[in-house]
Chemist: 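Structure in structure tokens, see below.
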Amino acid sequence: MPLTTVAVAVVLGFAAAVQMASGFGFALVAVPLLALVVGPHEAVVLALLMGTAFNAWQAVEGRRDVERPVLARILVAAGVGMPAGYLLYRALGRDSLTVLVGVLVLAAATSLWRGWSLPAAGRATDLVAGLATGVLTTATATNGPPVVTLLHARGVGPEVFRAMTTTVFLVLDLLAVCLFVATGDLGAAEVTTAAVALPVVLVGGFLGYRARRLLSPAAFRRVVLLLLAATGVVAVLAGLT
């Protein structure tokens, strides 16, 4: 097995552990690290493809906890934003896209670390967050920060938070995968790599599920944020050098 494929599998497995433990973070962890291994454009495609399979697991588990009106507004607005994100994905070169991913990850880590949130959330906020999520889905695959910020502002509980984020990511990842297949950006090579990595992703997801039960939420949150900051810095430096 090529060393690159092994590295991709390890990164995706680690990202799955983070996602399963916290309810978000798969793409935020996977994309900047994958960008260093296979390049940013391939990283986006692989993260979306594997995220589709992995988020389905959690979305089905939490389907009864979803707040459907909020979910519908987010998804409709995201659908509007996805074409613009794809144009950005195609327009940016390798180094520029790597730097953009790193900056977005650093911004997300800083926001979560400082506890920044919206003062209030309503229908208009749902739509704005959804639009931003759609753009980020097809541009960088790191589409978590707008939804996470919105749900924090809404004050939802952990189970609803996990159900909402994974359901949003599942639907948008599915749409993005269909788009990338239609445009030829996702082909047999990426599918083969994802298939090889799937067992490692499942193991990582299981370990993350166990960590959810063993680690305190505060301790795990600190670890995740430090890792996000580190991967963001590495991605920015890699894109600039």
Side-chain angles (χ1 to χ4, degrees), residues 2 4-5 8-9 11-12 15-16 19 24 26-60 63 66 71-101 104-105 127-147 164-198 201 235 239:
T4 299
T5 303
V8 168
V11 169
L12 290 173
Q19 172 80 20
F24 77 103
F26 183 85
L28 285 172
V29 171
V31 174
L33 293 178
L34 287 175
L36 303 178
V37 178
V38 296
H41 291 88
E42 295 83 354
V44 169
V45 173
L46 283 170
L48 289 170
L49 181 60
M50 189 57 71
T52 300
F54 189 71
N55 282 310
W57 179 2
Q58 288 188 288
V60 171
R63 63 189 181 279
V66 169
L71 176 66
R73 287 192 289 270
I74 293 172
L75 292 178
V76 168
V80 174
M82 290 179 75
Y86 178 74
L87 293 176
L88 185 61
Y89 167 87
R90 297 294 296 177
L92 292 176
R94 178 189 180 99
D95 291 340
S96 297
L97 187 57
T98 301
V99 171
L100 177 61
V101 167
L104 290 173
V105 170
L127 294 173
V128 172
L131 184 66
T133 301
V135 172
L136 291 175
T137 296
T138 43
T140 66
T142 55
N143 54 1
V147 175
M164 288 288 289
T165 53
T166 53
T167 303
V168 168
F169 299 155
L170 171 61
V171 174
L172 296 185
D173 286 356
L174 273 172
L175 292 174
V177 165
C178 292
L179 173 63
F180 282 117
V181 168
T183 57
D185 294 289
L186 195 163
E190 290 78 17
V191 173
T192 300
T193 301
V196 171
L198 183 59
V201 170

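Because only heavy atoms are used, hydrogens play no part in the values below, and waters and symmetry mates are left out as well, while side chains stay in. In what follows, residues are counted from 1 in the order of the sequence shown.
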Chemist: Please find the pair of heavy atoms, one from V201 and one from A16, that lie closest to each other, and give the distance.
Modeler: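 Here V201 and A16 meet closest at O-CB, 3.5 Å.
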
Chemist: Minimum heavy-atom separation for P145 and T142, please, with both atom names.
Modeler: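 Scanning both residues completely, I find the closest heavy atoms to be CD-O, 3.7 Å.
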
Chemist: Please report the interatomic distance CG(N55) to CG(L172), rounded to the nearest 0.5 Å.
Modeler: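 So the CG of N55 and the CG of L172 are separated by 10.0 Å.
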
Chemist: Can you check whether T193's main-chain N or O pairs, donor with acceptor, with T5's side chain at less than 3.5 Å?
Modeler: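 Checking the backbone N and O of T193 against the side chain of T5, no donor-acceptor pair under 3.5 Å is found.
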
Chemist: Do L179 and L175 have side-chain heavy atoms sitting under 4.5 Å apart?
Modeler: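 Not touching, per the 4.5 Å side-chain cut-off.
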
Chemist: Going from CG on D185 to CD on E42, what distance comes out if it is rounded to the nearest 0.5 angstrom?
Modeler: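 D185 atom CG to E42 atom CD measures 9.5 Å (nearest 0.5 Å).
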
Chemist: How long is the straight-line distance from CZ of F180 back to CG of L46, given to the nearest 0.5 Å?
Modeler: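 Separation between the atoms: 11.0 Å.
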
Chemist: For the residue pair L170 and A59, what are the closest heavy atoms and their distance?
Modeler: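 Looks like CD2-CB, 3.8 Å.
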
Chemist: Would H41 and L97 satisfy side-chain contact (heavy atoms from CB on, under 4.5 Å), going step by step from the backbone distance to the final call?
Modeler: CA-CA 8 Å; H41 291 88; L97 187 57; 3.7 Å; yes

Chemist: Indicate the atoms forming the closest heavy-atom contact of L49 with A194, along with that distance.
Modeler: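 For L49 and A194, the tightest heavy-atom pair comes out as CD2-CB, 3.6 Å.
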
Chemist: For a quick test of reading the model, state the closest non-hydrogen atom pair linking A47 to F26 and the distance between them.
Modeler: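 Smallest heavy-atom distance, with atoms named: O-CE2, 3.6 Å.
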
Chemist: Stepwise, does the side-chain contact (heavy atoms from CB on, under 4.5 Å) test hold for V177 with L186?
Modeler: CA-CA 7 Å; V177 165; L186 195 163; 4.1 Å; yes

Chemist: If you round to the nearest 0.5 Å, how far is CG of L136 from CE of M82?
Modeler: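 These two atoms lie 11.0 Å from each other.
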
Chemist: Contact between T4 and V38 at the side-chain level, heavy atoms closer than 4.5 Å - yes or no?
Modeler: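 A side-chain contact exists here, since the closest heavy-atom pair is under 4.5 Å.
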
Chemist: Look only at the side chain of R63 and the backbone of V60, and say whether a donor-acceptor pair between them is shorter than 3.5 Å.
Modeler: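 Judged by distance alone, yes, a pair lies under 3.5 Å.
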
Chemist: Do the non-hydrogen side-chain atoms of N143 and V168 ever get within less than 4.5 Å of each other?
Modeler: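 In short, these two side chains do not touch, never coming nearer than 4.5 Å.
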
Chemist: So, taking the atom named CG in L12 and the one named CG in L33, what distance separates them when rounded to the nearest 0.5 Å?
Modeler: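 The CG atom of L33 is 10.0 Å from CG of L12, to the nearest 0.5 Å.
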
Chemist: How close do V135 and A84 get, counting heavy atoms only, and between which atoms?
Modeler: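 Closest approach of V135 to A84: CG2-CB, 4.4 Å.
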
Chemist: Could you tell me the separation between the CG atom of L88 and the OG atom of S96, rounded to the nearest 0.5 Å?
Modeler: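 Output value for this atom pair is 10.0 Å.
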
